[in-house]
Protein chains: 2
Amino acid sequence: MTYTIGQVAERFGLSEYTIRFYDKQGLLPFVKRNAAGRREFTDDDLKTINIIVCLKECGVKISEIHHFVDMLMAGDDTLEDRLAFFKQQQENALEQLERQKKNLSKLDFKVRYYTAAVYEGTEAGIDGDCDVPNCPITVNGKVFDQDQVG
Amino acid sequence: MTYTIGQVAERFGLSEYTIRFYDKQGLLPFVKRNAAGRREFTDDDLKTINIIVCLKECGVKISEIHHFVDMLMAGDDTLEDRLAFFKQQQENALEQLERQKKNLSKLDFKVRYYTAAVYEGTEAGIDGDCDVPNCPITVNGKVFDQDQVG
DNA sequence: GCTTTACTTAGACTAATGTCTAGGTGCTAC
DNA sequence: GTAGCACCTAGACATTAGTCTAAGTAAAGC
């Protein structure tokens, strides 16, 4: 079973442009062509692209992914380097996850903050620290109860 | 208490260039200047910049942040819109968090995959599905025990 | 045979986000 | 008063990642 560039684009939610761009950047040297010169993606190719997309979403630069793909093509000699690569990416992704949790907590605060502000009709007198997890919102010094809104 | 651009850059881990760039883009209209024309950041300014940086990290575009800052400057008339804005960002951030968790799970898989491959000295015969959470790695059909490595 | 559709290439173009340079100002310490 | 530093501006330049155009090819259906 093989797939065309259009099918692959569809599957991963990328444009065909993007896939050709990745190919041009050396991210898809494993993709074979048919007699007419068209790309034919195998199931194995899709597995690899799945990881490439994952790395992409984790914020890994194309040049770094290129480096990984190079190792992939080089075979078993690069297994240790690839393990080290993924350990590094794992660490980065975990860090990113923690940052994202912190940011989400700040946004949660802001939603509560503005819920209180809308309820009061003004921002004046509303307080709290968005960096403190689940920090209560106060209105003129008194804790604001979010449940009174609903 | 006020702060210079250098101190603010230091505090948020940004370059002074970036802060001036943000200012140029209309993200910091609330920052006042002293008699010499230099920016003087107040504690309130820092609070707002904290949120701007948070939005930035959540992938919000500068133009969107600009829009939010505009609402901020407009005062209490925009409270409901600001609440809606943060609810939207909260939703986006949560989605992003879930994606990040999925990606981390794929990376975890890859670390286990390559741990097995390094142990075996070859990738041949090693299998598993990185999209299945905690999917066991098999070597020639037999489940690979990660603990045998250490 | 002709049209349509999906593909091909090289390379130009865009968007977003900085990053830096050049030339200048103002304050502080010596 | 002058050296050094941190700041200022406008605007050029860089980087990353696409996105699109133009011109062409190959196979499928009418």
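Chain identifiers are assigned alphabetically (A, B, ...) following the order of the sequence lines, protein sequences preceding nucleic acid strands; residue numbering begins at 1 within each chain.
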Participant: Decide ring-ring contact (aromatic ring centres under 6.0 Å, His included) for B:Phe86 and A:Tyr113; before the verdict, give the C-alpha distance in whole Å, the side-chain angles of both, and the deciding distance to 0.1 Å.
Facilitator: CA-CA 10 Å; B:Phe86 276 109; A:Tyr113 175 96; 8.6 Å; no
Participant: Please, which pairs that meet salt bridge (Lys or Arg N to Asp or Glu O under 4.0 Å) have at least one residue in residues 104-118 of chain B, sequence neighbours excluded?
Facilitator: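 Salt bridge (Lys or Arg N to Asp or Glu O under 4.0 Å) check on residues 104-118 of chain B returns B:Lys106-B:Asp131.
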Participant: For B:Asp45 and B:Tyr3, test the side chains for any donor-to-acceptor distance below 3.5 angstrom and give the result as yes or no.
Facilitator: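 No, no side-chain donor-acceptor contact under 3.5 Å.
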Participant: Determine: side-chain N/O of A:Thr18 to OP1/OP2 of D:dT19, distance under 4.0 Å, yes or no.
Facilitator: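 Yes, A:Thr18 has a side-chain N/O under 4.0 Å of OP1/OP2 on D:dT19.
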Participant: Could you tell me the separation between the CZ atom of B:Phe21 and the P atom of C:dC20, rounded to a whole number of Å?
Facilitator: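 My rounded result for the distance is 14 Å.
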Participant: Looking at A:Tyr22, I'd like to know whether one of its side-chain N or O atoms comes within less than 4.0 Å of OP1 or OP2 on D:dG18.
Facilitator: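 A:Tyr22 to D:dG18 OP1/OP2: side-chain N or O found under 4.0 Å.
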Participant: For B:Ile19 and D:dC7, what is the distance between atoms CD1 and P respectively, to the nearest whole Å?
Facilitator: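 The answer, rounded to whole Å, is 10 Å.
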Participant: Below the 4.0 Å mark, does C:dA6 have OP1 or OP2 next to a side-chain nitrogen or oxygen of A:Arg20?
Facilitator: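 For A:Arg20, the contact criterion (side-chain N or O under 4.0 Å from OP1 or OP2 of C:dA6) is not met.
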Participant: Taking only the side-chain nitrogens and oxygens of B:Thr4, find out if one of them lies under 4.0 Å from OP1 or OP2 of D:dC7.
Facilitator: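 Answer is yes, contact under 4.0 Å.
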Participant: Counting the atoms with a prime plus P, OP1 and OP2 as sugar-phosphate, which does A:Glu16 contact under 4.0 Å by heavy atoms, base, sugar-phosphate, or nothing?
Facilitator: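 Contact class for A:Glu16: sugar-phosphate only.
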Participant: Starting at atom CD of B:Gln7, determine the distance to atom C1' of D:dC5, rounded to an integer number of angstrom.
Facilitator: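 It works out to 14 Å between those atoms.
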Participant: Is the shortest side-chain N/O distance from A:Arg33 to OP1 or OP2 of D:dA26 below 4.0 Å?
Facilitator: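 No, no such contact exists.
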Participant: Can you tell me the distance, in whole Å, between the CD atom of A:Gln25 and the C1' atom of C:dG11?
Facilitator: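 In whole Å, C:dG11 C1' lies 13 Å from A:Gln25 CD.
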Participant: Would you mind telling me which of C:dT8, C:dA16, D:dA17 lies closest to the side-chain atoms of B:Lys61?
Facilitator: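 Taking heavy atoms from C-beta onward, the closest nucleotide is C:dA16.
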Participant: Would you kindly give the CD-to-C1' distance between B:Glu40 and C:dC27, to the nearest whole Å?
Facilitator: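 After rounding, the gap between these two atoms is 13 Å.
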Participant: Please compare B:Val60 and A:Asp23 by the position of their nearest nucleotide in DNA chain C and report the one closer to 5'.
Facilitator: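 So the residue in question is A:Asp23.
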Participant: Under 6.0 Å from the CD atom of A:Glu40, do we count more than 12 heavy atoms belonging to anything else shown?
Facilitator: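 Enclosed.
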Participant: For a quick check, tell me whether the side chain of B:Lys24 and the base of C:dG18 share a donor-acceptor pair closer than 3.5 Å.
Facilitator: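 Result: no qualifying N/O pair found.
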Participant: Rounded to the Å, how far apart are B:Leu14 CG and C:dG18 C1'?
Facilitator: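 Roughly 11 Å, once rounded to whole Å.
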Participant: Do B:Tyr119 and B:Gln148 meet the criterion of a side-chain donor-acceptor pair at a distance under 3.5 Å?
Facilitator: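 B:Gln148 and B:Tyr119 do have a side-chain donor-acceptor pair below 3.5 Å.
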Participant: Tell me which of B:Gly59 and A:Ile5 sits closer to the 5' end of DNA chain C, going by the nucleotide each one is nearest to.
Facilitator: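 Result: A:Ile5.
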Participant: Are OP1 or OP2 of D:dA6 and a side-chain N or O of B:Arg38 less than 4.0 angstrom apart?
Facilitator: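 No.
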Participant: Looking for any heavy atom pair under 4.0 Å, which part of the strands does B:Ser63 touch: base, sugar-phosphate only, or nothing?
Facilitator: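 No contact at all - B:Ser63 keeps every heavy atom at 4.0 Å or more from the nucleic acid.
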Participant: What's the OH-P distance between A:Tyr17 and D:dG18, to the nearest Å?
Facilitator: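 Value for this atom pair: 15 Å.
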Participant: Any chance the rings of A:Tyr114 and B:Phe85 have centres within less than 6.0 Å?
Facilitator: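 So the answer is no for these two rings.
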Participant: In this structure, how many angstroms lie between the C1' atom of C:dA15 and the CD atom of B:Glu64, rounded?
Facilitator: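 So the two atoms are 15 Å apart, to the nearest Å.
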Participant: Let me spell it out: for each of A:Lys56 and A:Ala35, pick the nucleotide of DNA chain D with the closest heavy atom. Which residue's pick is nearer the 5' end?
Facilitator: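 Result of the comparison: A:Lys56.
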